[in-house]
Chemist: 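One structure, as structure tokens, below. Some questions next.
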Amino acid sequence: MPEMHFRVRWPDDTVSDCYSPSLVVKEHLQAGSRYRLADFVERSATALNIGSERVREKYGFACSSAMDQLRRIEETAARFEGQTDAEVVVEAFLP
């Protein structure tokens, strides 16, 4: 399966390179776009769960790396909860 990495900038200007086991992430996030924190987490969860299920369909087991990535996204996002204007920028997709 073609994997994809995507670079995000958090509200505190830190940058993370994130992993997706599938190109499906490009259907849910757009490079150069800003997302409210909760929207970004929701879109990421949807994409990573779909990607993990695609791995299950092909190989017979879910993608633990996708679930680990989702956990890291949720943990990072939790640092900004309560900031009503918190946004995440998807800076780029990386092969």
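Side chains included, hydrogens not; waters and symmetry mates left out as well; all remaining heavy atoms used. Every value quoted in this text rests on a predicted model; they were computed, and no experiment measured them.
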Chemist: Would you please name every residue forming a salt bridge (charged side-chain N to carboxylate O under 4.0 Å, His left out) with E42, sequence neighbours left out?
Modeler: none

Chemist: Clusters formed by hydrophobic residues whose side-chain heavy atoms approach within less than 4.5 Å: which one holds I50, and what are its other members?
Modeler: V24

Chemist: Can you pull out every ring-ring contact (aromatic ring centres under 6.0 Å, His included) where at least one residue sits in residues 11-30? Sequence neighbours excluded, please.
Modeler: H5-Y19

Chemist: Are L70 and V55 co-members of a hydrophobic cluster defined by side-chain heavy atoms under 4.5 Å apart?
Modeler: no

Chemist: Which residue pairs pass the salt bridge (charged side-chain N to carboxylate O under 4.0 Å, His left out) test with at least one member in residues 62-73, sequence neighbours excluded?
Modeler: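 Non-adjacent pairs meeting salt bridge (charged side-chain N to carboxylate O under 4.0 Å, His left out): R71-E75.
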
Chemist: Could you measure the distance from the CD atom of Q69 to the OG atom of S65? Nearest 0.5 Å is fine.
Modeler: 9.0 Å

Chemist: Just list the side-chain donor-acceptor pairs under 3.5 Å for residues 77-95, sequence neighbours left out, or say none.
Modeler:
unit_1, atom_1, unit_2, atom_2, d
R79, NH2, D12, OD2, 3.0
E91, OE2, R9, NE, 2.5
E91, OE2, R9, NH2, 3.1

Chemist: Which pairs pass salt bridge (charged side-chain N to carboxylate O under 4.0 Å, His left out) with one or both residues in residues 16-29, sequence neighbours excluded?
Modeler: R7-D17

Chemist: Within a strict 4.5 Å, meaning less than it, do heavy atoms of the R54 and P21 side chains meet?
Modeler: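 They are not in contact (no side-chain heavy atoms under 4.5 Å apart), so the answer is no.
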
Chemist: What residues, two or more places apart in sequence or in another chain, satisfy side chain to side chain contact (heavy atoms under 4.5 Å, CB included) together with S64?
Modeler: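 With sequence neighbours excluded, S64 shows a side chain to side chain contact (heavy atoms under 4.5 Å, CB included) to no residue whatsoever.
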
Chemist: CG of N49 to OG of S22: how many Å apart, nearest 0.5 Å?
Modeler: 12.0 Å

Chemist: Determine yes or no for a side-chain-to-main-chain donor-acceptor pair under 3.5 angstrom, with S20 supplying the side chain and L48 the backbone.
Modeler: no

Chemist: Scan for ring-ring contact (aromatic ring centres under 6.0 Å, His included) pairs involving residues 30-54, sequence neighbours excluded, and state none if there are none.
Modeler: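 Passing the test, one end in residues 30-54: W10-F40.
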
